[in-house]
Amino acid sequence: MLRRLAVTAVASLAVLSAAAPAAVAVTPVPVPLLPLPLFLDDRQDPWGHEGRSGPGDQGSQEATLRMTVTVTDSGDPAADGTFELLCGPDRAGGTHAKAQAACDRLAEAQAADENPFLPTPKDAMCTQIHGGPATARVVGTWQGRDITAYLNRENGCEISRWNNLIPVLPAL
């Protein structure tokens, strides 16, 4: 009987010592949260191209801008639809309801060396706020480059992108 008790104790001790390292709680090393992404970081080309020499090298202000803006599910029938936006040095036109204001906003973005059409980075930490079902697609040329941008209001980052393009996009 004593022998059986000793064997059981040794076997139990062997099993427990093998399981002990797995049973120890490993606390994660605290990692500081990264700042929200800066969409307009001066150290990177907002278009993702190499060899940019500095701000202001995006072409002249006289470059013609031509875009097609399609908005759906905004909740405002007047804002939904497909609109043409044409911007030039002395004119704004097309079927866009606020063509001059939209051209002025894009001129501000160009002067600040911004690219408001960049998508939200996949690793961005965004608030989980839903801004509604509205979606937009912008296709055309801006600063001499072809663009295609898809926008929505599904989280805080996307709402910010949308709001950054008002009045190109409708204010919701």
Side-chain angles (χ1 to χ4, degrees), residues 33-172:
L33 292 176
L34 298 174
L36 289 176
L38 297 176
F39 295 108
L40 306 174
D41 189 350
D42 289 336
R43 295 168 298 195
Q44 69 184 18
D45 177 3
W47 292 99
H49 294 104
E50 298 293 321
R52 193 180 95 187
S53 60
D57 290 346
Q58 299 293 333
S60 69
Q61 187 69 17
E62 281 75 339
T64 301
L65 174 142
R66 179 181 301 267
M67 292 182 181
T68 302
V69 179
T70 304
V71 178
T72 59
D73 299 324
S74 70
D76 179 4
D80 285 350
T82 300
F83 310 97
E84 294 295 321
L85 177 62
L86 304 169
C87 302
D90 299 323
R91 63 185 171 87
T95 59
H96 194 285
K98 297 181 179 179
Q100 186 61 55
C103 290
D104 292 345
R105 171 63 192 108
L106 294 173
E108 288 172 12
Q110 180 176 347
D113 201 28
E114 297 176 6
N115 181 354
F117 301 106
L118 284 176
T120 301
K122 293 184 191 265
D123 61 346
M125 294 177 20
C126 305
T127 58
Q128 295 305 301
I129 287 179
H130 190 267
T135 61
R137 184 179 70 155
V138 180
V139 178
T141 58
W142 186 56
Q143 297 183 352
R145 294 184 173 100
D146 291 336
I147 60 151
T148 300
Y150 298 94
L151 297 102
N152 59 56
R153 299 178 60 82
E154 69 183 20
N155 61 44
C157 295
E158 294 299 324
I159 292 169
S160 178
R161 277 184 71 214
W162 184 290
N163 290 346
N164 191 36
L165 278 168
I166 293 172
V168 177
L169 301 177
L172 302 179

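Predicted model, so just to flag it, every value in this text is computed and none were measured.
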If I compare all heavy atoms of [X] with all of [Y], which pair ends up nearest, and what's the gap?
X      : Y      : answer
Cys103 : Ala92  : SG-CB, 3.7 Å
Pro77  : Gly75  : CD-O, 3.8 Å
Ala99  : Gly93  : CB-O, 3.6 Å
Met67  : Val138 : SD-CG1, 3.6 Å
Ser74  : Asp80  : OG-OD1, 2.7 Å

With the side chain counted from C-beta on, respond yes when Leu65 and Gln110 share a heavy-atom pair under 4.5 Å apart, and no when they do not.
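Counting from C-beta outward, Leu65 and Gln110 never come under 4.5 Å.
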Checking side chain to side chain contact (heavy atoms under 4.5 Å, CB included) for the pair Gln143/Phe117: CA distance, chi angles, key distance, verdict?
CA-CA 12 Å; Gln143 297 183 352; Phe117 301 106; over 6 Å; no
May I ask you to decide if [Y]'s main-chain N or O and [X]'s side chain share a donor-acceptor pair within less than 3.5 Å?
X      : Y      : result
Gln128 : Cys126 : yes
Thr95  : Glu84  : yes
Trp162 : Pro170 : yes
Arg161 : Tyr150 : yes

Run the side chain to side chain contact (heavy atoms under 4.5 Å, CB included) test on Arg153 and Asn163 for me, step by step, so that the C-alpha distance in whole Å, both residues' side-chain angles and the decisive distance to 0.1 Å come before the verdict.
CA-CA 9 Å; Arg153 299 178 60 82; Asn163 290 346; 3.3 Å; yes
Atom pair [atom1] ([X]) and [atom2] ([Y]), whose distance is rounded to the nearest 0.5 Å:
X      : Y      : atom1 : atom2 : result
His96  : Cys87  : NE2   : SG    : 9.0 Å
Leu85  : Gln100 : CG    : CD    : 10.0 Å
Leu172 : Ile159 : CG    : CD1   : 10.0 Å
Asn155 : Ile129 : CG    : CD1   : 9.5 Å
Thr127 : Glu158 : OG1   : CD    : 11.0 Å

Applying side chain to side chain contact (heavy atoms under 4.5 Å, CB included) to Arg91 and Leu86, what does each step give before you reach the verdict?
CA-CA 8 Å; Arg91 63 185 171 87; Leu86 304 169; 4.2 Å; yes
Identified side chain to side chain donor-acceptor pair (under 3.5 Å) counterpart of Thr135 within the set Asn152, Asp73, Thr72:
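For Thr135, the side chain to side chain donor-acceptor pair (under 3.5 Å) test succeeds with only one of Asn152, Asp73, Thr72, which is Thr72.
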Starting from the C-alpha separation in whole Å, work towards a yes-or-no answer on side chain to side chain contact (heavy atoms under 4.5 Å, CB included) for Leu165 and Leu106.
CA-CA 8 Å; Leu165 278 168; Leu106 294 173; 4.1 Å; yes
Taking atom CZ as the centre, does Arg137 end up with more than 12 heavy-atom neighbours from other residues, nucleotides or ligands that are less than 6.0 angstrom away?
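12 or below, so no.
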